[in-house]
Each structure stands twice: as C-alpha cells, then as structure tokens.
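Here the structure is a predicted model, which means the values were calculated and not measured. We use all heavy atoms of the structure for the numbers below, so side chains are in, but hydrogens, waters and symmetry mates are not. Note on naming: letters A, B, ... go to the chains in the order of the sequence lines (proteins, then strands), and numbering restarts at 1 for each one.
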2 protein chains.
Amino acid sequence: MYGTVCYYMLHEIAGKITEGCDIMNIQFKKGVLELCALALLAKKNRYGYELVNEISRSISISEGTIYPLLRRLKNDGYVTTYLQESKEGAPRKYYQLTESGKEMERQLKEEWLNFVKQVNSFLKGGAKDE
Amino acid sequence: MYGTVCYYMLHEIAGKITEGCDIMNIQFKKGVLELCALALLAKKNRYGYELVNEISRSISISEGTIYPLLRRLKNDGYVTTYLQESKEGAPRKYYQLTESGKEMERQLKEEWLNFVKQVNSFLKGGAKDE
DNA sequence: ATTTAGTATCTTGCAATGTATGGTACTGTA
DNA sequence: TACAGTACCATACATTGCAAGATACTAAAT
C-alpha cells in the first residue's frame, strides 16, 4: 500500500504526454508495442520498468501492458532474463534478446513498414474508383 | 448453402495477396481498419462488399470483420446507409459518411500519422541511452 | 428446371491483447 | 516508523479481428 501513489503518478504522466490522441490510440497500439519493446531491446538490455518509461514517453502505456508482454516474449523464446540488484529499490529483471528475438525484431520491423505503406495508400490517393 | 464455395474463394485470394505478412498483421490491423474504411468512404459512398474487396487488395481481411465494423460506425453516427438494387445479386447497402464521420476521418488520419512517426522513432534511432 | 457460381449481407463464438485496478517488496530519508 | 520512490506482478474486463456458417438474390450452365 506504500508505493501506490507513485504508481498512479507514472500513469498520469504517461497519459498527459500523448494527450489529444486518446480516441483510438488504444487500438493503434495493439501489436505494435511488441515491436517497440523488441526494437528497444535490440539496442541494449533493459529492465521492465525502464521499458515502460522509455515507451511511455511517446506512446501512452501502463505497466499492466508491458509485464504480460514481456512474459509472452519470454515464453516464446524471444528473450531471456537475468536479475540484477539495484541501489534504489527492488532488484531489476533485465531482458535480453535471443537470436530468434533478433530475427523476430527484423521481421516485424519490415512488416510494420510495409503495413504502414499500405495504409497510407488508402489515406492518400485512396483506391482508384474503378 | 449455394454461394458458400465462392465465399471461401474470396478469403483464399485475400490471404494470398498479403502472404508472408501473417505473423502479426492481425495485431497491426486492430483499429486501423476503421480508419481505412472511413478514408475510403470519404472518397465516395460504397457498399460493404465493395469495401471488403478494396481493402483486401492491400490488407488481408474478411467480411466478418467489415460488417460488424460498419454496424459500429452506424451506431456511433459516423455513417448513414441506404439500400440500392443491383442487377447482379442481392441489394447493396451503401454507406455514406455523416459530418461527424468526416470529422472523425480527419482526426483519425492525423492521429495515425502521428502514431506512425512515434513508432518509427523507436525503430530508427531508438530512445537515446540516457 | 435444377444446379452452380457470383454477388451481397449478417450472426455467433472465439482468441488476442491492452487497460484498470490493486497488490507485493525493497531502499533510503525524514 | 512512516513515506516516497523504484520495481515487479496478477486478475478481471473491454475491444475488436477472425473463423465458420447461414441466408438471399441473379444469371449462366447443364
């Protein structure tokens, strides 16, 4: 019951940053967060709380989203984890991409860029009228 | 029981087009399809089956996705509908954007472009390391 | 005439996944 | 010892795309 207040602060801050994008961001996010997490882990090993903070700078997310996601990634063999003590709080669980995780990251990135291209084609020219 | 075979053909074709993008497209799609539908309707009125065909040229979707979506759009007041007979089959239900639908389309488009920018920043530079 | 194929719409139950909510636990400071 | 900050986790829920299957009309082939 102690850190509860701080917990909510994080959520509030995350919400403020992406203010005005709330109508459907919730839906846009589906699936893309996995790519974001993999992309960040491709740069260096990180712990869960760190990922929440990094990602929530740009995209409003909460911890209840990241931790289950990371568990999925581990179950699927895309990451391994190791614990490391911290001077400022509970021990941190670091996540490290496996080879298959790196491969997944490349593949998802490619698909994402492709997908965006397709969607944008609808937004711009739209499908030609016959 | 008559047109069932043809029904499945459409699905097969749609599947083939986006072959190789199946790992997570399902997730990428969430929410974006609504934007695609609105964007296509912003160009001209269309009927449901037409939308399925247009969209499935680029993104693999099925009818079970579009019709419920269109019902949602109607319930939320973003489109109105009118029936029109056809020489080649069942009568078509056309969908027409309302003013609030047009506004929604503009807003979603803007959010989408913004969202893509944020995600791409993770993929490229990634968040700076402190 | 009956079958088959094409066009068109709709419904139900399922699966995936982000969210809200709330809990645990460790450290350092007042 | 109370509190704030850091860090992790679990459960119940809502949203939404999908699979599967039903219905109905038209037109061409048999």
Sorted by position of nearest nucleotide on DNA chain C, 5' first, the leading residue of A/Glu88 and B/Glu88 is B/Glu88
Can you tell me how far C1' of C/dG18 sits from CZ of B/Phe28, to the nearest Å?
15 Å
Contacts satisfying ring pair (Phe, Tyr, Trp, His ring centres under 6.0 Å) that involve residues 85-104 of chain A (not counting sequence neighbours) are A/Tyr47-A/Tyr94, A/Tyr82-A/Tyr94
Taking all non-hydrogen atoms of both residues into account, name the closest pair between A/Ser56 and A/Ile61 and its distance.
CB-CG1, 4.0 Å
Output the rounded distance in Å from OH (B/Tyr49) to C1' (C/dC10).
14 Å
Could you check which of D/dC18, C/dG18, C/dA16 has an atom nearest any side-chain atom of B/Lys30?
C/dA16
Gap between atoms CD1 and P, on B/Ile61 and D/dT16 respectively (whole Å)
16 Å
What I want to check is whether an N or O donor and acceptor connect the side chain of A/Glu63 with the base of D/dC8 at under 3.5 Å.
yes
Between C/dG6 atom P and B/Arg92 atom CZ, what is the distance in whole Å?
16 Å
Give the rounded distance in Å between these two atoms: NZ of A/Lys29 and C1' of D/dT16.
15 Å
Under-4.0 Å salt bridge between A/Glu54 and A/Lys43
no
Atom CD of B/Glu34 and atom C1' of D/dG17 are separated, to the nearest Å, by 13 Å
Name the closest nucleotide to the A/Ala90 side chain, picking from C/dA8, C/dT19, C/dC26.
C/dC26
Which one, D/dG17, D/dA7, C/dT9, comes nearest to the side chain of B/Lys93?
C/dT9
Output every pair passing salt bridge (charged side-chain N to carboxylate O under 4.0 Å, His left out) with a member in residues 96-107 of chain B, not counting sequence neighbours, ordered by first then second residue.
B/Glu99-B/Lys102, B/Glu103-B/Arg106, B/Glu105-B/Lys109
Give me each pair satisfying salt bridge (charged side-chain N to carboxylate O under 4.0 Å, His left out) with a member in residues 78-95 of chain A, each pair once, sequence neighbours excluded.
A/Glu88-A/Arg92
B/Asn53 CG to C/dG6 C1', in whole Å, measures 11 Å
Contacts of B/Glu110 that satisfy salt bridge (charged side-chain N to carboxylate O under 4.0 Å, His left out) - sequence neighbours left out
none
Rounded to whole angstrom units, what separation is found between the OH atom of B/Tyr94 and the P atom of C/dT7?
14 Å
Here the salt bridge (charged side-chain N to carboxylate O under 4.0 Å, His left out) pairs for residues 66-77 of chain B, sequence neighbours left out, are none
Does C/dT9 have its OP1 or OP2 closer than 4.0 Å to a side-chain nitrogen or oxygen of B/Tyr47?
no
Going by number, which of residues 66-87 of chain B have a non-hydrogen atom under 4.0 Å from DNA chain D?
B/Arg72, B/Lys87
